[in-house]
Structure formats: C-alpha cells, structure tokens
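Written out below as structure tokens is the structure these notes cover.
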Protein chains: 2
Amino acid sequence: METKSIAALISDTRAGINRHLLQELKRLGIEGLAPSHGAILHHLFNNDQVTMKDLAKAVRRDKSTVTALVGKLVANGYVEKASSTQDQRTVFVKLSPKGQALKPVFQEVSRNLIERIWRGFEETEQQELIRLLRKVRGNLP
Amino acid sequence: METKSIAALISDTRAGINRHLLQELKRLGIEGLAPSHGAILHHLFNNDQVTMKDLAKAVRRDKSTVTALVGKLVANGYVEKASSTQDQRTVFVKLSPKGQALKPVFQEVSRNLIERIWRGFEETEQQELIRLLRKVRGNLP
DNA sequence: GGAATCTAGTTTGACGGCAAACTAAAGTCA
DNA sequence: TGACTTTAGTTTGCCGTCAAACTAGATTCC
C-alpha cells in the first residue's frame, strides 16, 4: 500500500530540506549556524524587538530550546538580549548590526530553497500540496 | 505568499507525527522507546536477520546512529546482536522473543497513525499528496 | 500589604542525530 | 605472502530538542 509510507515520506522530505539548508549555509561560509537559527533570524528580520516567549511561539520550539539557540546567536554576535524595564522577567531579543547584515544572505537562502522545492511544479500543484499538507497537519497533535 | 511556508509546514507535520507516536507509545506503556526505534523494529518484523549496514540504510539513519539505537533496543531486551561467522566484521541484528511480542502492538500503532493522518481524505487526495510529496522529495538532496 | 498564584526565562539531564576519527576484519594485487 | 585499500561497525564529540525542576519578577486577592 502506497499510503502507508506517508510518515516516512514526510520525515525524509523534512530531512532533505535540512540537508539542503546545511549545504547552503556551508556554501555561504556561515559556520556554526543551523536551520533552526535561521528560523529565529528570519523572525527577527520581520520583527525588530521580540520576547523569548514570542520567539518560541514563532519558531515553534520549546522555550528552553530557544534559550539555547538565542544563546548561540548571541555568542556569535548576531543578536543581542536586553531585559525589559517594565517587566524584569521579559527579555527582548534583537538583531545586532552583524545580524542585520545577514538579511540579504538569508533572503537568498530562502529564495533558493523555495525555488528548489517547487522545481517542476505547476501553480495549482503547489496550492494543492499546501492544502493537503495543512489537512494532515490538522489531523495531528 | 502561501507557498513560502511549505518548509515550515512539512517540518511541523513531521513534528506532529512524532508527537502522536510518542503519545501512543506512552499510552501503550512502552517506556524508553522513540519513533526511531519503531522504525528499526518495523524493519525487523519483516526481516528476521539484518546487518547494521542494511538496517541503517533501511531506516535512513547514519550507521553511528543505528549503533546507538540498536544498543538501546538490546539494553531493553527487544533485539539481539550476533556477529557473523563468515565475516567477523558484520553484525546480525534480530528480534528477541520480547521484541517479537511487540509486533501486534506496533501494527496497531502504525494502523492508528495512518488512520489519523488520512482522516477526512478521499482516496484520490491521498494519492495526490503522496505524488506531490515524492516530487518535492526528488527535488532535494 | 502580604501570602498565594502565575508567568518569563534559565538550568539540568537525557536523548536522537550526525560527522569524523578509529578499530579491525576482508579483499586486492604485485 | 605482504603491503595497500576497502568495508563494517564503534567511539567520541558536538548539537538541537524537550521536559521537568528551578529562579525570580509580576499579579491577584483577601
């Protein structure tokens, strides 16, 4: 039965996306950053002041995971943390100049990924895949 | 644009499958086993004598990863390792009786997953999703 | 206004995963 | 036969990930 392999197929495809991104990061000389860091940076390109909590929600990772990911971005000088003055518990994360400089690079990475994923696809096929995947996603926890 | 979120959607869906499987394993009282172990067991249900190399290829994981996964299965008494007499390098992995006993349980887990994934899907939609995902997969490394 | 509760983030520990270095057993070939 | 190469598997080290425990700052409410 074909439909039994759906889980493995999704898992494989995701792994392929990851491999592609790792290749790209290596090609562009961006060392020590993983796709998950890219997700965080991407969110910061569009929102210049974000709390850890919102960041975790945006990249759909556990807050403790985000602590580690942001910690690495800070260590590499891509982002900065600053605790809020109104609420001492909340921490704001924002891009450093070095992080801002990555924006065009990541836009290219993103564009290349999209282009590669959709190679040979009709517009209607793209929409149909998105629709069906969303439907599967909705069936899951 | 909708199609830009395809990577996140695939990643999320895969995470959802993982969450579902973890729930199921917990529900069935199978402690200390992760979905990846399930993939190995699944392969052993259909092949009763497999080398580490073939196992790695079958579950699409690095051989060092498989060493660790099988190690855990051995530690929990689900599988046994035995080095070949013809070639001292190769190691055969096979199910123990305790591992064999998991077969019906995992068949149920698998059936439930498939049933949940495809809930509300037409037969043609299932085939179309598989086709489109395979196409994406083929575009990736 | 103080105790109880809630909330934001961090820390800790465990695990799946990979790549590179390593071990040891076959195989190759002069 | 003996050096070289290839192959199977393990070890080591690092990373992303999560859950649970923890810290500390707000909030609630009597």
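As the structure is a prediction and not an experimental result, all values here were calculated from the model. To find a chain, count down the sequence lines: A is the first, B the second, and so on, and within it residues start at 1.
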Using only side-chain N and O atoms of B:His37, determine if any of them is under 4.0 Å from OP1 or OP2 of C:dC15. no
How many Å lie between [atom1] on [X] and [atom2] on [N], as a whole number?
X       : N      : atom1 : atom2 : result
A:Gln86 : D:dT27 : CD    : C1'   : 16 Å
B:Arg14 : D:dG16 : CZ    : P     : 15 Å
A:Leu73 : D:dG16 : CG    : C1'   : 13 Å
B:Leu33 : C:dA14 : CG    : C1'   : 15 Å
A:Asp12 : C:dG17 : CG    : C1'   : 14 Å
B:Asp87 : C:dA26 : CG    : P     : 5 Å
A:Lys81 : C:dA8  : NZ    : P     : 15 Å

Salt-bridge criterion met for [X] and [Y] (N-O under 4.0 Å):
X        : Y        : result
B:Arg119 : B:Glu115 : yes
B:Arg27  : B:Glu108 : yes
B:Arg131 : A:Glu125 : yes

Report each atom pair, protein N/O against N/O of nucleotides 18-21 of chain D, whose distance is under 3.5 angstrom.
residue : atom : partner : partner atom : Å
D:dC18  : OP2  : A:Asp62 : N            : 2.8
D:dC18  : OP2  : A:Thr65 : OG1          : 2.9
D:dA19  : N6   : A:Ser64 : OG           : 2.9

Nearest-nucleotide 5' precedence on DNA chain D, A:Thr85 against A:Lys72: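 Between the two, 5'-proximity favours A:Lys72.
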When you measure from the side chain of [X], which nucleotide among [options] comes out closest?
X       : options                : result
B:Arg89 : D:dT17, C:dA25, D:dA24 : C:dA25
A:Gln88 : D:dT17, C:dA26, D:dG25 : D:dG25
B:Ser36 : D:dC15, D:dT6, C:dG16  : C:dG16
B:Thr67 : D:dG25, C:dT10, D:dT10 : D:dT10

If we ignore hydrogens and angles and just use 3.5 Å, is the side chain of A:Asn47 paired with the main-chain N or O of A:Gln49 as donor and acceptor? no
Does the A:Thr13 side chain pair with the main chain of A:Leu9, one donor and one acceptor, at a distance under 3.5 Å? yes
On a heavy-atom basis, which atom in A:Gly38 and which in A:Phe106 lie closest, and how many Å separate them?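 Shortest heavy-atom contact: CA-CE2, 3.5 Å.
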Residue pairs passing the ring-ring contact (aromatic ring centres under 6.0 Å, His included) test where at least one lies in residues 119-141 of chain A, sequence neighbours excluded: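 The answer is A:Trp118-A:Phe121.
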Enumerate the residues from residues 46-59 of chain A whose closest heavy atom to DNA chain D is under 4.0 Å, giving them by residue number; use none for an empty result.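 Nucleic-acid contacts, sorted: none.
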